[in-house]
Amino acid sequence: IATLEAMSQNSMIILSKTGGNIDFNKDNNIFYADDYQANDFKFTSNLIDVYKEKTRYVFNNFFSKEAFINQYVVLIDKFMS
């Protein structure tokens, strides 16, 4: 839930590659801490802005209230058919 809250606030998301964290990466919008450690990566303001924009897109299209409603409608329609 904390990840969804951060995504809703248009934040750059940094997670580990464990558990359900991978499910949040819908458009290469998650930066994984493992990648940072492996590559000695440097964050620039431009890179952060790119990740924030991707996060906004993914939240709005996959995790917003409206997106959940639409996904449930599709799922219910499948069960009813």
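These numbers come from a predicted model, not from an experiment.
Relative ring orientation between Phe63 and Phe24 is described as tilted, the plane-to-plane angle lying within the 30° to 60° band.
Taken from NZ in Lys17 to CD1 in Ile30, the straight-line distance is 12.0 Å, to the nearest 0.5 Å. From Arg56, atom CZ reaches atom OG of Ser11 across 10.5 Å, with rounding to the nearest 0.5 Å.
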**OP:** Begin from the C-alpha positions of Leu15 and Thr3 and carry the test side chain to side chain contact (heavy atoms under 4.5 Å, CB included) through to its verdict.
**Re:** CA-CA 9 Å; Leu15 299 171; Thr3 301; 3.8 Å; yes
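Heavy atoms only, all atoms of each residue included: Tyr32 and Ile22 are closest at OH-CA, 3.6 Å. Nearest approach of Met12 to Lys52, heavy atoms of both residues: N-CG, 3.6 Å. Between Thr55 and Asn29, the shortest heavy-atom distance links the atoms OG1-O, 3.6 Å. Taking each heavy atom of Asn60 and Ala67 in turn, the nearest pair found is O-CB, 3.9 Å.
The cluster map of Ile, Leu, Val, Met, Phe, Trp and Tyr, joined by side-chain heavy atoms under 4.5 Å apart, puts Ile13 and Val50 in different clusters.
Side-chain contact between Phe59 and Asn10 is absent, with no heavy-atom pair separated by less than 4.5 Å.
For Asn28, the side-chain contact (heavy atoms from CB on, under 4.5 Å) partners are Asn25, Lys54, not counting sequence neighbours. Residues satisfying the side-chain hydrogen bond (donor to acceptor under 3.5 Å, both in side chains) test with Thr18, not counting sequence neighbours, are Ser16. Taking Phe62 as the reference, nothing meets the ring-ring contact (aromatic ring centres under 6.0 Å, His included) condition, with sequence neighbours excluded.
Judged by distance alone, the side chain of Asn70 and the main-chain N or O of Glu66 form a donor-acceptor pair under 3.5 Å.
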